[in-house]
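Structure first, then comments.
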Amino acid sequence: MIRENFMHPYRTHTCGALRPSDAGTEARLSGWVFRKRDHGGVLFIDLRDHYGITQVIIHPEKSFFEECQRWRPESVVTVTGRVMQRTPETVNTDLPTGAIELVVDDVKVQSAAETLPLHLAGDEEGPEETRLRYRFLDLRRERLQRNIALRSKVISSMRRRMTAKGFNEFQTPILTSSSPEGARDYLVPSRIHPGKFYALPQAPQLFKQLLMVSGFDRYFQIAPCFRDEDARADRSPGEFYQLDIEMSFVTQDEIFATVEDVMHGIFTEFSNKTIDALPFQRIPYRESMLKYGSDKPDLRIPIEISDVSDVFADSDFNAFRSVVGKGGVVRAIPVKGIANRPRSFFDKMVAFAQSVGSKGLAYLVWEEAGIKGPIAKFLKPESIAAIAGRTGAGNGDAVFFVSDMPGPASKIAGEVRVQLGRELDMIDPNVFRFCWIVDFPMYEYDEELGAVTFSHNPFSMPQGGMEALETKDPLDILAYQYDIVCNGCELSSGAIRNHLPEVMYKAFAIAGYPPETVDEKFGGLMRAFRLGAPPHGGIAPGVDRIVMLLANESNIREVIAFPMNQKAQDLMMNAPCTVTEKQLRELHIRLNLPKQAEAKES
RNA sequence: GGGGGCGUAGCUCAAUUGGUUAGAGUUCCGGACUGUCGAUCCGGUGGUUGCGGGUUCGAGCCCCGUCGCUCCCGCCA
């Protein structure tokens, strides 16, 4: 009956392959027992593999019938039988294979499963800790199979697109040296050099720049990056991947054009959402901070903040007037068509503003009968007219006001803007809104240190070059430093690099680093720049975040096959873990644990 | 390092706001059942209410501490 000799030992088809056109043929399938429906007289099993689900049927006269009844979910089995077209009333339109079923003549258990800690057939996800500890089980779910497969396809597409543009793919060292700037490093002790450490790269930043100095012209890498920083929902602890890019002899606009093309292509290829037409809009940093209260604005929210400090500077509203008098500002957040919202809505917004650090949240409401709101009585008609003129507010609209020093005021106004967008359901879930944030300041004033520090990448070229560094107030100098942002999510930072040693020394001097320090910390790079370095620049979009946006996931763990938990532990592999005394001895390391940890060890 | 949320059966949750023996669905185990597709029906197992202390005649519920998970702030050149 079954021509064993001619059949593959495990399968002739995948579980997503069979169709009515296969009816009447013999087929062999292997997969996981997903669901069983046992009618006593007939047993239905949904057999699942990566490609799909096929219903297999076992009849009671078969010698193996009772054995199959005992199969536990997630056991791996091979079944062989005849493909049958289902009768019209038994077709399952939810499955691609739903028009056929496999009537089984032979079975073989490849791997019997014990009772599961998670059940995969239902909608319930189960506790996060169990999901992570049994990640290989969780990964069997359709959603994660889809996400991880999407990630694979996105990365392939990135490679294809970059290669097509003439970029070469490189590998750079994983064991490298600790960098003084930036995040905390992951350190790896050296056995051969007692007391010395490698560091895992926070990014291949210096290597890719050196490859430009080497003349490779166009670099890319799907680069693993390691940073010992705490996790967020959109930030995996420890490690993540970047589509790392660097180009020689380019202007900022050429980098934008290259990256826009890749990003637009990827997002078009893997999503049905509407994507902004090219070129993506460019927003100077200061404008973004004013209009959106953020350097990663969610442009899906149709609200633009404006400054109305001058209107309140001579108003009767003391709270705001005094803040403006002390160098503060007043920011207006206009919202269309919410005048008829109940008082509780406005109260809720006030409470929200306070929860993010605001002293309060004032507002005006443009009603038929006139201007309402707690601060209306303090404002002269011409002031209200000025606010209406600047914010576009009219009948039926409302404007919220935040007053504070410029930094906090921007931030709070930005938070209120996003909260309004969420609360009022203004965020269109079917669009990807991209923008470039450009003209980041080169330096910022660090209140804590009481000194000028680099606000972003110290290797960025200052706009205006040496002349700007020598003549301008450092806080007014802009850098060729940019971010690409999608739906309020920062996908990447990038910059035109500073490849001129003299400009580099000057730039670091302003941030308080003497030339010796620059040479000591970045000797390799500085040496390279004295031996013929091309002007160059680049960017490094976050792969995990891109996949997360495309997969419509709000937590980055859902697009990483083996993620760590929030405390940077791998619950499945039990990392980090203790090591033997012998290992420590070889590395010349003696532990000096805090008291609490010592207690835990024993 | 700090703040918020959560923690009750393997899982998802309930327990009339401090009151009798902590329930339901699901999983699991057993039984019945020849067309289901989250099969159905019957029965059963399953609990140190995260842990420790306190208040109280009485604590799943209140208080203190602690542990775990999660979200956020700090941090992320």
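Below, chain A is the first sequence line, B the second, and so on; all start at residue 1. Note: hydrogens, waters and symmetry copies are ignored here, and every other heavy atom, side chains too, is used.
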Do A/R286 and A/D439 come within less than 4.5 Å of each other through their side chains, counting heavy atoms only? no
Could A/E558 and A/R143 be called an ion pair, given the rule that one side-chain N must be under 4.0 Å from one carboxylate O? yes
Is the distance from OP1 or OP2 of B/rU27 to the nearest side-chain N or O of A/R72 less than 4.0 Å? no
Given side chains that start at C-beta, do those of A/D544 and A/S236 come closer than 4.5 Å, heavy atoms only? no
ring-ring contact (aromatic ring centres under 6.0 Å, His included): which pairs involve residues 42-77 of chain A, sequence neighbours left out? A/H39-A/F44
Please determine, for the side chain of A/Q566, which listed nucleotide (B/rU27, B/rG35, B/rC72) has the closest atom? B/rC72
Those residues that, when tested against A/D38, pass salt bridge (charged side-chain N to carboxylate O under 4.0 Å, His left out) (two or more places apart): none
base_contact_polar (B/rG68 base, A/E128 side chain, donor-acceptor, <3.5 Å): no
Please determine whether a side-chain nitrogen or oxygen atom of A/Q55 lies at a distance below 4.0 Å from atom OP1 or OP2 of B/rG35. no
B/rC37 base to A/R35 side chain: any donor-acceptor pair below 3.5 Å? no
Looking at A/A113, is its backbone amide N or carbonyl O close enough to the side chain of A/S75 to form a donor-acceptor pair, meaning the two atoms are under 3.5 Å apart? yes
A/R133 side chain near B/rG10 phosphate (N/O to OP1/OP2, under 4.0 Å): no
No-H, no-angle donor-acceptor pair, A/R70 side chain to B/rC29 base, under 3.5 Å: no
With centres under 5.5 Å and planes under 30°, do A/H39 and B/rA39 count as stacked? yes
Examine B/rC71: is either OP1 or OP2 under 4.0 Å from a nitrogen or oxygen in the side chain of A/N555? Give yes or no. yes
Salt bridge or not for A/K506 and A/E502, using N-O below 4.0 Å? no
Could you say whether A/N457 or A/P117 is positioned toward the 5' end of RNA chain B, judged by the nucleotide with the nearest heavy atom to each? A/P117
Would you mind telling me which of B/rU36, B/rC33, B/rU12 lies closest to the side-chain atoms of A/R37? B/rU36
Could you check which of B/rG68, B/rC72, B/rC75 has an atom nearest any side-chain atom of A/R235? B/rC75
Sequence-aligned protein contact record of nucleotides 1-9 of chain B, with B where the base is within under 4.0 Å of a protein heavy atom and S where only the sugar-phosphate is: B--------
Polar side-chain contact A/R86-B/rU36 base: donor and acceptor under 3.5 Å: yes
Go through B/rG35, B/rC75, B/rC69 for me and flag the one nearest to the A/I57 side chain. B/rG35
